[in-house]
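Naming: A, B, ... by sequence-line order, numbering from 1 per chain. Since the model is a prediction, treat every value here as computed from it, not as a measurement. Heavy atoms only: backbone and side chains are in, while hydrogens, waters and symmetry mates are out.
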2 protein chains.
Amino acid sequence: MKATVIHAPGDIRIENVPDPAIQRPTDALVRVTASCICGSDLWPYRGVTPTTEPHRIGHEFVGVVEEVGSSVSDLRVGQFVIAPFVVSDNTCANCRHGVQTSCLHGGSWGGEDADGLAVDGGQGEWVRVPQADGTLVAVDDEPAAELVPGLLALSDVMGTGHHAALGAGVGPGSSVVVVGDGAVGLCAVIAARRLGAERIVLMSRNESRQKLGRTFGADTIVTERGDEGIARVLDLFDGIGADAVLECVGTDEAMKQAVASARPGGRVGYVGVPVSGSSLPVQELFGRNVGLVGGVAPVRAYIPDLLDDVLSGAIDPGAVFDRTMPLADVADGYRAMDDRSAIKVLLQP
Amino acid sequence: MKATVIHAPGDIRIENVPDPAIQRPTDALVRVTASCICGSDLWPYRGVTPTTEPHRIGHEFVGVVEEVGSSVSDLRVGQFVIAPFVVSDNTCANCRHGVQTSCLHGGSWGGEDADGLAVDGGQGEWVRVPQADGTLVAVDDEPAAELVPGLLALSDVMGTGHHAALGAGVGPGSSVVVVGDGAVGLCAVIAARRLGAERIVLMSRNESRQKLGRTFGADTIVTERGDEGIARVLDLFDGIGADAVLECVGTDEAMKQAVASARPGGRVGYVGVPVSGSSLPVQELFGRNVGLVGGVAPVRAYIPDLLDDVLSGAIDPGAVFDRTMPLADVADGYRAMDDRSAIKVLLQP
């Protein structure tokens, strides 16, 4: 079978790898029907995080169950499944609290499971899924092809945007600012609208992303950044800021923008992986009572809820995929994501 | 009249100052019947924050309204009132959101109001109260003497402990860790119990504070600190940590303890004024989805709710006052707070 392997920064290859096999009774084998490239895949691609040896990559995929281990009880061969971006048993103390990203028996796609066994990456033709009952979410009926991008978005970006909105406490009537116009930021707009936000401001300088943001529910676009961006946002919200700010970037600059955009007593929901983490403005958070809630999104917890809305067409997070490529061209996909000519690339094996 | 004036670190004096007078139609004059010394008063006392010129000090007091300005409508002469630790109009956009500490027309006791007019400190015989209708909370009937300490605690420490508990999301069934055994930490125990916490761990090495903490509702005392303290707390909570951690100190060490004591997906409610703010463990907050919510407590918002419980005797935050002194001995009171021989000192004019 073929799968994507990262060798070094900028060096993404499609390679022949051994066919997967059930290794544990809790495993399932999934034939991938669609996978995609994540903004966080660009970290090793850009050398921001090191790649010490070649390994499989990709953590967002959907597909069909082709084989199950002897202890798998909730899945059956032929089911269409969504794989969240981490492995989890969905039964441990942290999973029971809805924090499957901290599963005590979890693992990372393209990395290792809790016992140190290598776990396949998702950008390939097949994937061995550990803790299959806990990890995968099955869709009752074979979904129509046009729904597949939306279901694939549930593997990461839609659930991550939703996590930002929950972290920021978005609810009916909330005023919201979304910092970041990547796939996660755009999905955060969907999530905020879905949770009842009254007014949503999206910060974006990119025309196609602005347009998609408006389609998703943004009322106002702010193109300014830095002090000008902050001044513009405060101006839009009575001079005090918004109830809820969704930080979907992870840079210090974005966090600064987010904190300054929240009103006293407001909350920042953050899902942008902190790139340095060195400069949280703690005194400002404290003095203005701005809460900071978020982290690596436990999308597994959110899929059942969001799934119905994707299937019914109430939300269409699949629209973030503005480029579809064959898996064989995955290296081109990374380039397109890297130079921001694509919002998000969908890969078809 | 007599009032407390700080001249320099360690130099606290009781002095004759001019009698106060109504300066604005929104003012009231209050004859102080009890005031107290706050942990944060120790900052200028210790020279942690600078004292550039002598000024009045103290921000917690209760007393009797003796005169009101022409636009004061909610208060009448003779009423017993509680003064929260900041001035607020209780009508601006931030006050309406319950964040009176960010009042757009507020001010600080012993500092200035929004227009730069000096505001009296609370450790004195009389205080001119700006924005009196918004700032003060009146008690319907003259309270019994034994209730006065509890009412005085509502001016700061009880509301601040409550803010920590709300920030951490304490509710029925919560598991709670309180970091800090000062008056605020002890009141945080009361608040957590009042909000329905199932289990409360108090970190304290001081026997009399441990005892008071148990009286207030702590189930378990942890005396260890640092890595040992963290290990002990995790051990008490299934190895994953508590739902809610109430950080009531403000040092980097306390914050580290607090974050590490929260389970994945848990929350730290923090009210300890961050002394450096330099070392928030952002990567850990993010990776484990630990939220950080809190800040300078808008106690004005909480007094009406907490007041009933003090008057009914359901809670007794006044027990944090373990020393009562005449106002004339205020310098001794600061010394007792500074060397931690007193938890909290009540001053009687």
Side-chain angles (χ1 to χ4, degrees), chain A residues 86 92-104 106 163 166-169 175 237-243 247 250 252 255 262-298 301, chain B residues 86 92-104 106 163 166-169 175 237-243 247 250 252 255 262-298 301:
Chain A
V86 294
C92 80
N94 288 327
C95 286
R96 288 198 306 274
H97 282 122
V99 196
Q100 285 86 345
T101 43
S102 292
C103 177
L104 300 173
H163 191 54
L166 292 182
S175 55
F237 294 105
D238 302 328
I240 60 172
D243 300 327
E247 196 286 305
D252 288 350
M255 182 57 88
R263 67 163 173 80
R267 285 232 300 263
V268 173
Y270 73 127
V271 292
V273 187
V275 292
S276 84
S278 56
S279 66
L280 260 192
V282 190
Q283 306 283 357
E284 189 185 350
L285 289 169
F286 186 87
R288 297 174 58 241
N289 273 290
V290 173
L292 186 68
V293 181
V296 54
Chain B
V86 295
C92 79
N94 289 327
C95 286
R96 287 199 306 274
H97 282 122
V99 195
Q100 286 87 344
T101 42
S102 292
C103 177
L104 300 173
H163 190 54
L166 292 181
S175 55
F237 294 106
D238 303 328
I240 61 172
D243 300 327
E247 195 287 306
D252 288 348
M255 182 57 87
R263 66 162 173 81
R267 286 233 299 263
V268 173
Y270 73 127
V271 292
V273 187
V275 292
S276 83
S278 56
S279 66
L280 261 191
V282 190
Q283 307 282 358
E284 189 184 351
L285 289 169
F286 185 87
R288 296 174 58 241
N289 274 289
V290 173
L292 186 68
V293 181
V296 54

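- A distance of 7.0 Å separates CG in A/L104 from CD1 in B/I240, rounded to the nearest 0.5 Å.
- When each of A/G266, A/G239, A/G291 is checked for heavy-atom pairs under 4.5 Å with chain B, A/G291 comes out on top.
- When each of B/P298, B/G269, B/G167, B/G272 is scored by its heavy-atom pairs under 4.5 Å with chain A, the top score falls to B/G272.
- Across all non-hydrogen atoms, the minimal contact from A/S102 to B/G287 is OG-O, 4.1 Å.
- Listed options B/V268, B/V271, B/T101 were ranked by heavy-atom pairs under 4.5 angstrom with chain A; first place goes to B/V271.
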For this session: Kindly determine whether B/D243 and A/H97 satisfy side chain to side chain contact (heavy atoms under 4.5 Å, CB included), including the steps that lead there.
Result: CA-CA 10 Å; B/D243 300 327; A/H97 282 122; 3.9 Å; yes
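- Listed here is the closest heavy atom pair of B/Y270 and A/F286: OH-N, 3.4 Å.
- The distance from atom CZ of B/R288 to atom CG of A/N94, rounded to the nearest 0.5 Å, is 8.5 Å.
- Rounding to the nearest 0.5 Å gives a distance of 7.5 Å between CG of A/L280 and CG of B/L285.
- Ranked by heavy-atom pairs under 4.5 Å with chain B, the first of A/A93, A/A297, A/G294 is A/G294.
- Interface remark: of the candidates B/V290, B/V293, B/D238, B/V293 forms the most heavy-atom pairs closer than 4.5 Å to chain A.
- In this structure, the side chain of B/N289 does not engage the main chain of A/V99 through any donor-acceptor pair within 3.5 Å.
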